[in-house]
Amino acid sequence: MTDVAGAGTLQLQPVGQSRRIGRRLRRRKSFVVGVTGLTLIIGAAVLAPWLAPHDPMQQDLMATLLPPAWVEGGSPDFPFGTDALGRDVLSRMMYGARNSLLIAFFAVLIAASLGLAAGVTAGFSRSSMDALLMRMGDMQLAFPFILLAIIVLGVVTDRTALHIILVLGIPGWILYARVVRSRVLSEREKDYVTAAHAIGAGRSRQLRKYVLPAVWQVVLVIALLDFGFVILVESTLSFLGFGLTPPEPSWGSILAEGKRSMIVSPWLAVLPGLAIMLTVLAVNLTADGAADVLDPKLRKGVFRRRRQQDTGRQTVTADETGAVAQDDAAGTARRDDGPLLQVVDLHAEFPFDERSVYAVRGVSFAVDRGKTLGIVGESGSGKSVTALSILQLLDAPGRVTHGRVVFDGRDLTRIPDAEMSRLRGRQLGMIFQNPSASLNPVMTIGSQMVETIAAHQAGAGNRTDVARAALADVGIGDPDRVLRRYPFQLSGGMNQRVMIALAMIARPDLLIADEPTTALDVTTQAQVLEQLVAVTHDHDTALILITHDIALVHEYADDVIVMYAGRIFEAGPVRDVVRQPRHPYTKALLDSVPRADLEPNERLRAIPGELPDPSKPQPGCPFAARCAYVMDICRVEDPPLIEVAEHREAACHLPALPDAPPRAPSEVSV
Amino acid sequence: MNEILLEARGLTKHYEASGGFLGRGGAPVKAVDGVDLIIREGETLGLVGESGCGKSTLARTILLLETPTAGSLRFAGEELTAERAGELRRRAQIVFQDPYTSLPPRMRIEDIVADPLIIHGTVEAGQRSARVRQLLDDVGLRSMDARKLPHELSGGQRQRVGIARALAVQPSLIVADEAVSSLDVSVQAQILNLLKDLQERHRLAYLFVSHDLGVVKYVSHRIAVMYLGRVVERAGSRALHERPLHPYTGALMSAAPSLHERRSERIRLRGEPPDPARPPSGCRFHPRCPIAQPRCAEDEPQLQEWLPDHEASCHYALGEGS
C-alpha cells in the first residue's frame with residue numbers, strides 16, 4: 001500500500017480516527033482472542049479473594065495430592081485438585097496469578113518509565129549524555145540478565161515482591177531506551193520540530209508538546225511484549241527457588257512444588273505451566289494487534305483483501321473490442337500495421353478498507369513506434385496506475401477490472417504471467433522516479449550491466465564493450481569510470497542515465513518513464529531528458545513519458561494525454577494542445593504555471609478547490625466543481641472523450657472553449 | 001526604496017565533516033560561504049539554486065535555526081546574536097517544503113496554530129480561539145478544519161496551516177523554503193496567490209527559496225542566484241530574466257522547460273556540481289562553465305556591479321571582452 005499512497009494516487013478522507021482504530025482492532029481475530037484471554041486471567045486474579053473456593057495457605061493433610069475434579073478420584077470441592085500439603089490448587093493458582101501479574105506489572109512500569117526517560121534524554125540531548133547512557137546499556141546487555149537476578153535475589157534472605165519487582169524492572173530500561181532514542185532521533189530531524197523551534201518553543205516544550213506525543217505509543221507496544229517476558233522470567237526465578245519466600249504462591253513456585261510430585265500427580269506441574277503459557281500467549285496476541293494499529297505507517301488504512309477472481313482479467317466483452325480486431329490470447333495478427341500499443345477502455349481499482357478507489361476509469365489511447373507520448377496529470381489522476389496497468393505490474397490488491405492493453409498484436413491482460421515477465425525484460429522497459437531504488441546497491445554498475453547483457457545475449461562480442469557502448473549512448477563521457485562505481489558513488493542524474501542505458505540494452509519496443517527526472521535538478525533534468533528522447537528516437541522505441549509538468553511534455557513529447565481523476569480529458573499533438581487547449585482543465589493547468597510575461601501585481605489564474613476524492617466518484621464531469629465554464633449538464637452527465645478536430649480529442653460538453661472564462665479570475669481564484 | 005529589514009554580511013555556515021581517523025580529518029563542508037544579502041520591508045527576495053548549493057542552510061541560518069560559523073546578521077537595524085534569537089522568533093518565521101512532515105501529526109490544527117500565541121503570550125487566553133479562527137480564515141481554511149488532525153487535510157490545506165502558524169506571531173519576515181515545490185500544479189498556484197495576497201495585507205517580507213526559476217520570478221522583486229555556497233548573481237527580478245549576467249544563471253534559465261518555445265539549443269553544463277567540501281580553485285563554476293577561460297581556474301571573481309543594481313561574480317559577465 002505504501003507504493004500506491006506514495007505514487008499519490010490515493011487521497012482518502014479519513015473517518016473519525018478512534019472509531020477507525022477500534023474497528024480495525026475488532027477485525028483482527030487474534031487481537032480479540034488475546035484481549036479476551038487477558039481479561040479473564042486478570043479478572044480471576046483480581047477477584048481471587050471472592051472467587052477462590054479455599055484459602056490458598058490452608059493445609060489439609062487428609063486430602064493431599066488429589067487429582068483434578070475431571071479425573072477419576074477427584075473431588076468437586078477441589079476442582080484442580082490439591083498439592084502435597086493438601087492445599088487447593090485452583091485457589092493457589094488464582095492467588096499466584098495475583099502475585100505473578102502484579103510483579104510483572106510493576107516491573108514493566110519501572111522499566112518503561114526509566115527507559116522512556118533515558119531514551120528521550122539520550123535522543124534529545126546532543127551531548128555526551130547520549131553516549132554515556134548508551135554505553136551503560138551496552139555494558140548491561142553484555143551481562144546475562146538471569147544470572148544477575150539470581151545473584152541479587154540469592155543474597156536477599158527475606159524476599160518480598162518489591163525485591164523481585166526491582167530486580168526484574170530496573171535492568172529492563174535498556175530495551176525501551178534504545179527504541180525510544182531512535183524514534184526521538186528521527187522525529188527530532190523532522191520539519192515540525194524545527195517549526196516549533198522557529199515559533200520560539202523552548203527545548204522542554206519542543207519535547208513535551210511535539211516529540212513525546214509521537215514516540216510514547218511505541219513504549220506501550222514494547223511494554224505489552226515485555227509483560228509476557230517478565231511473567232516468564234518471574235516464573236523461572238520462582239521455579240529455581242529465587243522467587244517469593246514460601247508459602248506465598250506464584251505460578252513459578254507452584255510449578256516448582258509440582259515438579260517434586262511429578263510422577264504421582266502430573267497435573268500439579270501441568271496446570272501452572274499451562275496458565276503461564278496461555279497468559280504469555282494472550283499478552284503477545286494483544287501486543288501484536290496494538291503494534292499494527294499504533295504504527296503510524298499503517299494508519300492511512302489497510303487494503304481489504306479480495307479473493308483473486310478467476311475471471312478477473314477476462315472481463316472484456318465482445319463489444320469492447322472497438323478498433324482492435326478480435327485477436328485471441330496468443331494472437332499474431334497485426335504485427336506491422338496499426339499502432340504499437342493500444343489501450344482500450346482500461347479500468348483499474350484498488351479495493352480499500354471500506355470502499356474501492358477507482359484509479360483509472362475508462363482510458364483509451366494508442367502509441368506508435370518511435371514516438372513520444374506524454375501523459376500529464378496531478379496526484380490521483382491515474383497516470384502512474386495506467387503505466388503499471390500496461391506492464392501488468394499493479395501491486396495486489398490493485399487490479400485491472402476491465403479493458404485491454406494490446407501490444408504488438410497481443411492483449412497483455414490475457415497472456416500468462418511467465419510470458420508477460422519475458423516481455424517486460426525484452427520488448428517493454430520501465431524507468432522509475434528514483435533510480436537508486438531500482439539499482440542494486442551492492443553491485444557495481446558494470447556487473448549489473450553485464451548481467452543484464454548476459455540475460456539478453458544482446459549485442460555480439462565482449463559484454464563490457466557492449467556496456468561501455470550503452471553508457472556512451474546516453475551521453476556518459478567516461479563509461480569506464482562509471483562501470484567501476486557503485487550506485488551510491490554516483491549522482492542521481494548519473495544513476496538515472498545508467499537506468500536508461502540498462503533499459504535500452506534489450507532494445508525494447510516500448511519504454512515507459514514515470515517521472516524520470518522529478519528527483520533531479522533542472523540542469524541535470526534537461527540533460528537526461530534530451531538523452532532519453534534521443535536514444536529512444538534512434539532505436540525507433542516508443543516512449544511514454546509520465547509527468548506532472550506540462551512544460552516538460554511540451555518540450556520533449558510529440559503527443560500528450562491530459563488525465564484527471566482517472567480519466568482522459570484531452571489528447572492531441574502537444575504543441576496544438578498547449579497553444580489552443582480544448583478542455584477547461586488543460587487551459588486552467590496552463591494558466592496555473594507562472595509565465596514570464598505576468599506583471600508584478602498580476603495574480604495567477606489558480607484552479608479553485610481541491611483534487612477530487614478517487615474513492616467517491618460523483619455523477620457528472622469530475623472537474624465540474626472546479627471548472628470556470630461549468631454548465632448545468634456538467635453536474636449530471638459525464639462527457640465522453642470525442643474527436644473535436646483532426647487528431648484532437650476532448651471530454652467536455654462545451655463544443656469549443658471561449659477565450660475568456662465566463663467568470664472573472666478573481667472570483668475563481670482562492 | 002523600503003527600509004532594510006534584514007541584512008547579512010559575510011554569513012558563513014560550515015559543517016564539520018565526520019568520518020576520517022578518530023572522526024576528524026575531513027575538510028568542513030562549506031554549505032554557506034560568505035554570503036551578503038539584504039531583504040527590504042514588504043519585499044520578496046528570491047533565492048534560487050540547485051540542490052546542495054546551500055540555499056536551505058542559508059535560509060535556516062538567517063533565522064538562527066542553525067548557528068552561523070561566521071558573519072553578522074542585522075534585523076531591523078539591530079545586531080542579532082544567539083542570545084537575542086527569542087526576539088527574532090516573534091518577527092521572523094518559516095514555512096517548509098513538505099506539508100506532510102512540517103506539522104506535528106498528533107496535534108489538532110487549532111492547537112498547532114495556537115501554540116505560537118501561547119508561547120509568546122501575545123493574545124489573552126480568552127481571545128485565543130477567536131484569533132486562531134481569524135488566522136485560519138486569513139489563509140483560506142474553514143473554521144470546521146480547526147478541530148481536524150493534519151492527516152485529514154490535503155497537501156494544499158496543510159501548507160495553508162503552516163502559513164497560518166507562521167502568521168500567528170505577526171512576523172515581518174517569512175522564509176518560505178521550497179514552500180510550493182511539493183504541491184500539485186493547480187494547488188501551487190493557489191498558494192502562490194495566497195502568499196502574494198498576504199504580503200499586500202500584512203506588508204510581509206519574504207525570503208522565497210526555490211529551485212524553480214519560473215516560480216521565483218513570479219513572486220520575487222529581487223533574485224539572488226546561489227552556486228556552491230556563494231551568491232553568484234543578484235538583480236531585480238525582471239533585469240535578471242532579461243539579461244542574466246552569470247553563465248550559471250543563463251544555464252538555469254535555459255534548462256527550465258518552457259511552454260512557449262521548444263528550445264533547439266540549450267546552454268549545456270558539463271558534469272555535475274562539485275563536492276562543497278572541496279570547491280574548485282578560482283571561480284567555483286569554471287569546471288562546468290561553457291565560457292570558461294584559463295584565468296577562471298586561478299582568479300576567483302568577486303560579486304561586482306556590472307550594470308546598475310545588477311551584480312554578478314564572473315570575469316566575463318558582459319562578454320569576453322570585459
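Protein chains get the first letters and strands the later ones, always in sequence-line order, with residue 1 at the start of each. Please read all numbers here as calculations on a predicted model, not as lab measurements.
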**Study point:** Within 45° cone of B/Tyr218 ring axis and under 6.0 Å: B/Lys196 NZ or CZ
**Key:** yes

Study note, to complete from the structure: The interface call for A/Arg579 against chain B, heavy-atom contacts under 4.5 Å, is neither

Check your understanding: For B/Glu178, which residues count as a side-chain contact (heavy atoms from CB on, under 4.5 Å) partner, sequence neighbours excluded?
Key -> B/Lys55, B/Gln97, B/Ser181, B/Ser210, B/His211

Review point. Would you say A/Leu545 and A/Leu529 make side-chain contact, with heavy atoms under 4.5 Å?
Key: yes

Check your understanding: Checking heavy atoms, do the side chain of A/Gln525, its backbone, both or neither come under 4.5 Å from chain B?
Key -> side chain

Point to revise | Contact winner vs chain A - B/Val95, B/Leu103, B/Ile94, B/Ile191, heavy-atom pairs under 4.5 Å | key: B/Leu103

Point to revise | Structural part of A/Val522 lying under 4.5 Å from a heavy atom of chain B | key: both

Study note, to complete from the structure: If one checks every heavy atom of B/Arg288 against chain A at 4.5 Å, the contacting part turns out to be side chain

Study note, to complete from the structure: Under 4.5 Å to a heavy atom of chain A? For B/Glu50 that would be both

Review point. Should B/Tyr206 and B/Val219 count as side-chain neighbours, where that means a heavy-atom distance under 4.5 Å?
Key: no

Study note, to complete from the structure: Sequence neighbours excluded, the answer for ring-ring contact (aromatic ring centres under 6.0 Å, His included) partners of A/Tyr564 is A/Phe569, A/Tyr585, A/Phe623

Point to revise | Residue B/Arg90 versus chain A: region with a heavy atom under 4.5 Å | key: neither

